[in-house]
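Predicted model, so just to flag it, every value in this text is computed and none were measured. Ligands are counted one by one from 1 in listed order, and the atoms in each one are counted from 1 as well. Along the sequence shown, residues are numbered consecutively beginning with 1. Atom set for the values below is all heavy atoms of this structure, side chains included, hydrogens, waters and symmetry mates excluded.
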Amino acid sequence: MFRAISTVRAQLRPFPQTLTLSPIPSPFALPLDSPHSVPPIPSISILSSPFTSTPPRRRQGDDDSSSSHWSPKVFVVQPRLRPATALQAKLDEALNLANSLEEQRDVSYGTEFFKKELPGHVVVQNPAARSTHADTYFGKGTLKTVKCHLNAVESEHAWGKPVLDRVGLIIEIFHAHAQTKEGKLQAELAALMYKRTRLVRLRVSGGRSTFGGEAEVVSARGRGSGGRGFISGAGETELQLQRRRILERRKQLLSEIEDVRRTRALQRAARKRHGGSRGQDMATVAVVGYTNAGKSTLVSTLSGSHLYSDDRLFATVDPKLRSVVLPSGRKVLLSDTVGFISELPVQLVEAFHATLEEVVEADLLVHVVDSSAPNLDEQWDTVLQVLEQIGVSEEKLQNMIEVRNKIDLEKEEMGADDCGEENEASSDSGAEDNDTAPEQLHDENNCNVSLSSSQDLEEAMDDEQCDCSDGWVSPGDGGGASKDQQKKSSKDWKMMRKDSISQYKSVAHVKTSAVTGVGLQELLELIDKKLEPQKVLERDVFDRKWRPPRGEDTGIAVEQ
Ligand SMILES: Nc1nc2c(ncn2[C@@H]2O[C@H](COP(=O)(O)OP(=O)(O)OP(=O)(O)O)[C@@H](O)[C@H]2O)c(=O)[nH]1
Ligand SMILES: [Mg+2]
């Protein structure tokens with residue numbers, strides 16, 4: 001039986017060629033026995049991309065010699081998913097992640113998002129598709145196919161390029177976007193924890209310390225306690241030494257982060273003590289949500305302040321507080337927090353615990369949802385899981401306000417929003433699926449897209465069933481369990497997911513557009529109500545309407 005590899009080609013703007021290749025059905029895909037499952041047959045999908053296919057504009061003074069050869073900047077590997085809309089959403093997110101990585105910014109970016117140069121080749125791998133092949137990320141068969149694609153689009157031999165998987169890439173983005181000492185410490189801790197599970201000895205180019213992007217793996221340990229041993233050439237003592245160094249650094253970082261936490265706790269206590277204008281405790285409202293949902297824009301608009309917002313993922317890494325006066329006259333602090341993303345290992349979340357303390361300690365949570373996101377349900381669920389993981393109480397989750405933001409982007413036909421999510425999730429009609437026929441074994445680059453030998457199949461199975469006992473368990477991931485266990489846990493996961501969704505479906509919600517200002521007054525009133533349900537509000541203050549901070553009633557100036 002063949003194991004499927006599908007390739008999906010998409011394009012970045014303005015960079016032309018981004019390939020997405022699926023080495024194996026992902027554990028995040030639906031289980032094989034599900035009616036929605038990925039068939040275990042080779043297939044190729046070419047998805048049309050919303051991005052332009054025109055070559056990047058050359059700047060003055062650029063060397064023109066290579067203009068005839070137009071090479072891709074990013075190579076994205078993404079496990080196949082159904083329905084096609086879910087795949088497209090994942091693909092867009094992966095491309096957006098790749099686009100979000102760049103040099104550390106100062107205050108704001110000088111150029112438009114899509115005009116920024118991208119880093120060299122990056123392979124973004126879904127962390128679920130973990131491999132025992134820590135140096136290459138994939139088994140031989142998949143690697144051959146990836147190389148074939150790279151060589152087909154670029155004259156030089158590829159793979160000697162920086163390679164990042166999804167988690168590594170996210171950590172890089174966090175590190176690049178973090179502006180405070182705390183943010184940097186947390187990013188480094190996340191990088192260390194990640195490195196410990198994947199890389200053991202790194203040869204860093206140019207002497208620059210890196211979290212994986214420029215690192216060449218020269219040895220790697222086998223996964224899990226039983227492990228499959230070392231790749232030949234690695235000395236065990238050296239590996240142990242490497243591990244010890246990582247642990248020592250981790251200890252140091254944890255102690256520094258602990259100091260930061262202590263300071264934050266003191267600041268929080270002081271904030272509470274000094275209270276609001278009328279003597280009460282100053283309540284904190286944490287604004288949480290999936291990355292890019294519009295949290296910073298919303299906080300900026302509500303508070304009339306300027307917080308950095310951008311189409312990049314993880315534009316915000318360091319939490320920011322802004323004060324807002326509610327319709328009752330009560331002053332509260334809105335806490336803009338780091339966004340969440342799906343399929344992140346638990347440890348990564350924990351590494352950012354200090355940041356997320358704001359969330360746990362907050363008096364009220366406002367969950368901002370991008371109502372225009374095609375995978376809204378998944379995003380919604382991811383946020384809830386992370387909130388649960390970081391220890392937010394059930395009571396607080398029940399009391400949470402849900403903000404369906406970006407309603408200005410919602411299509412008119414989606415007016416009946418309350419049932420839209422379920423419809424989306426079940427729209428798994430074959431008509432939508434772009435997978436091509438099983439017998440199509442080569443793509444237009446004449447690259448083999450099947451795993452042609454039983455050895456390759458075993459490798460793929462290894463990829464799928466790798467021992468994950470190092471604790472890098474992601475939501476919905478069967479970890480190091482057997483295939484049956486994986487299927488079962490996948491089912492359990494889906495059940496839990498359903499329960500979790502229906503459990504919190506009743507949370508109060510309001511529709512907003514952080515850009516046009518629609519729904520913001522309603523939101524403030526709801527916050528007021530949630531914070532002080534029993535208090536009778538002074539009528540004159542209550543009647544005061546929220547006004548756009550700068551300018552007229554129509555259209556709010558939003559920073560870019
Ligand atoms: N059309 C529309 N765009 C919005 C709205 N709210 C935010 N945006 C845009 O969405 C993008 C992301 O907004 P941010 O405020 O940075 O999102 P975030 O949730 O803070 O993102 P991270 O900090 O990366 O987690 C920006 O380009 C905003 O201009 C909205 O209501 N409508
Ligand atoms: Mg933000």
Engineer: Between K184 and E182, does any side-chain N to carboxylate O distance fall below 4.0 Å?
Structural biologist: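 E182 and K184: not salt-bridged.
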Engineer: What are the atoms of ligand 1, with element, lying closer than 4.0 Å to any heavy atom of N292?
Structural biologist: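 By the 4.0 Å cutoff, the relevant atoms are 11 (C), 12 (C), 17 (O), 18 (P), 19 (O), 21 (O), 22 (P), 24 (O), 25 (O).
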Engineer: When you check the side-chain N and O atoms of T512 and N405, is any donor under 3.5 Å from an acceptor?
Structural biologist: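 Yes, a side-chain donor-acceptor pair sits under 3.5 Å.
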Engineer: Which pair of heavy atoms, one from M400 and one from H367, lies closest together, and at what distance?
Structural biologist: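 The answer is SD-CB, 3.8 Å.
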Engineer: With a 4.0 Å cut-off on heavy atoms, does A293 reach ligand 1?
Structural biologist: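 A heavy atom of A293 does come that close to ligand 1.
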Engineer: Based purely on interatomic distance, does D408 place a nitrogen or oxygen under 3.5 Å from a nitrogen or oxygen of ligand 1?
Structural biologist: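 Yes: some nitrogen or oxygen of D408 is under 3.5 Å from one in ligand 1.
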Engineer: Under 4.0 Å from any heavy atom of T291, which atoms of ligand 1 are there?
Structural biologist: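 The list of qualifying atoms is 22 (P), 24 (O), 25 (O).
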Engineer: So that I can tick it off, tell me whether R249 and E188 are bridged by a salt bridge, with the cut-off set at under 4.0 angstrom between side-chain N and carboxylate O.
Structural biologist: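 Salt bridge: yes.
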Engineer: Within the 4.0 Å heavy-atom shell around L409, which atoms of ligand 1 are there?
Structural biologist: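 Those atoms are 1 (N).
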Engineer: Decide whether an N or O pair under 3.5 Å exists between V338 and ligand 1.
Structural biologist: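 Such a contact does not occur with ligand 1.
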Engineer: So for ligand 1, is I407 a polar contact partner (N or O within less than 3.5 Å, distance only)?
Structural biologist: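 So ligand 1 has no N or O lying under 3.5 Å from an N or O of I407.
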Engineer: May I ask you to check if ligand 1 and K406 share an N or O to N or O distance below 3.5 Å?
Structural biologist: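 Yes, there is a polar N/O contact under 3.5 Å.
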Engineer: Quick one: which ligand 1 atoms are inside 4.0 Å of a heavy atom on L313?
Structural biologist: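 Close to L313: 24 (O).
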Engineer: Report the protein N/O/S neighbours of the Mg ion (ligand 2) that fall below 2.8 Å; do not count waters.
Structural biologist: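 Within the sphere that stays under 2.8 Å of the Mg ion (ligand 2), the protein atoms of type N, O or S are S296 OG, T316 OG1.
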Engineer: Out of all atoms in ligand 1, which are within 4.0 Å of some heavy atom of G339? Include the element for each.
Structural biologist: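 Answer, ordered by atom number: 25 (O).
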Engineer: Could you say whether the N/O atoms of S296 and ligand 1 ever approach to under 3.5 Å?
Structural biologist: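 Indeed, backbone or side chain, S296 has an N or O that close.
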Engineer: Please find the pair of heavy atoms, one from R330 and one from A283, that lie closest to each other, and give the distance.
Structural biologist: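 Residues R330 and A283, closest heavy atoms: NH2-CB, 3.4 Å.
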Engineer: Do ligand 1 and A315 have nitrogen or oxygen atoms that lie under 3.5 Å from each other?
Structural biologist: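 It does: an N or O of A315 is found under 3.5 Å from an N or O of ligand 1.
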Engineer: Is a salt bridge present between K406 and D370, judged by a nitrogen-to-oxygen distance below 4.0 Å?
Structural biologist: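 Salt bridge: yes.
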Engineer: Are a donor atom and an acceptor atom from the side chains of S300 and S305 found within less than 3.5 Å of each other?
Structural biologist: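 Their side chains do not contain a donor-acceptor pair, so the 3.5 Å distance test is not met.
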Engineer: Let me confirm one number: the CD1-OG distance from I407 to S372, rounded to the nearest 0.5 Å.
Structural biologist: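 I407 atom CD1 to S372 atom OG measures 11.0 Å (nearest 0.5 Å).
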Engineer: Show me which atoms of ligand 1 lie under 4.0 Å from any heavy atom of G294.
Structural biologist: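 In order of number, 6 (N), 7 (C), 13 (O), 14 (P), 15 (O), 17 (O), 18 (P), 19 (O).
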Engineer: For atom 18 (P) of ligand 1, which of the options H177, K511, K295, R404 provides the nearest non-hydrogen atom?
Structural biologist: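 Considering heavy atoms of H177, K511, K295, R404, the nearest to atom 18 (P) of ligand 1 sits in K295.
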